[in-house]
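First comes the structure, then the notes that go with it.
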Amino acid sequence: MGLAEALYGRVYVLRLGHRPGRDKRVTTHVALVARAFGANGLILEGVCDEAVEGSLLKVLDRWGGRMHYECGVSGRSYVREWKRAGGEVVHLTMYGLPVDEVIGAIASSPKPKLVVVGAEKVERFYYEEADYNVAVGNQPHSEVAALAVFLDRLFKGRELYQHFEGAKLRIIPQPRGKKVVR
Ligand code: SAM
């Protein structure tokens, strides 16, 4: 079993500071990117949002795969518990160390990973508790982009070819047009 396979099933994303209504689209994209790029857990801190959960469940139903979902949890407690259980915490922030400098250490550690992404200002707690504060470039951009690039580096691009169990729909890649089988 390769490194990428060994890590599957052990990467959760903790989404901080979701504001229902306002962040509905971005947080849904965080969830869909998490699923499509090889993570298998999405934890929504502080609140629950039916719109996010509904979109994720719909995609899982049609396109397959399994994803652990929790909402309304305390982010601080979740991070502390994750570490107590032997996992490590990767906080994505433009103030962190360049992803290329730390991805080797993160990928070679067998510990389950909790990848933390913010919405607006992230509390100091997460910078201090994270095992790694990781920057995808030191410019401000988006949690969706940062998460996609980070997971792609972690899984070395192989997550794009993962099999999603139980899919009702599957795309047959075409040079032009759309071909979907049921
Ligand atoms: N101003 C906020 C702060 O100081 O934390 C950042 C807001 S940004 C729109 C939302 C999230 O995107 C951040 O919490 C971080 O997780 C992620 N992010 C944005 N740019 C990033 C970068 N260059 N590297 C890594 N993560 C980034």
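Just follow the structure's listing: the first ligand is 1, and inside any ligand the first atom is 1.
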Worksheet item: Is the backbone N or O of Gly118 less than 3.5 Å from a side-chain atom of Arg15, with the two atoms forming a donor-acceptor pair by type?
Response: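 Judged by distance alone, yes, a pair lies under 3.5 Å.
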
Worksheet item: Would you say Lys58's side chain and Glu53's backbone share a donor-acceptor pair under 3.5 angstrom?
Response: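 No: the side chain of Lys58 does not pair with the backbone of Glu53.
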
Discussion item. As a test of understanding, state which of Val11, Val149, Val99 forms a side-chain contact (heavy atoms from CB on, under 4.5 Å) with Leu154.
Written reply: Val11

Ligand 1 versus [X]: contacting region, heavy-atom distance under 4.0 Å:
| X | result |
| --- | --- |
| Ala145 | neither |
| Phe150 | neither |
| Thr93 | backbone |
| His91 | neither |

Worksheet item: For ligand 1, is Val99 a contact, meaning one of its heavy atoms is under 4.0 Å away?
Response: no

Item to complete: Examine ligand 1 and decide if any of its atoms is less than 4.0 Å from a heavy atom belonging to Tyr127.
Response: yes

Worksheet entry | Ring-face cation contact, Phe164 with Arg66, 6.0 Å cut, 45° max |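 Checked: cation-pi criterion not met.
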
Worksheet item: To the nearest 0.1 Å, how far is atom 3 (C) of ligand 1 from its closest protein heavy atom, and which atom is that?
Response: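 For atom 3 (C) of ligand 1, the nearest protein heavy atom comes out as Glu120 O, 3.9 Å.
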
Item to complete: For His18 and Asp23, work out which heavy atoms get closest and say how close.
Response: ND1-CB, 3.4 Å

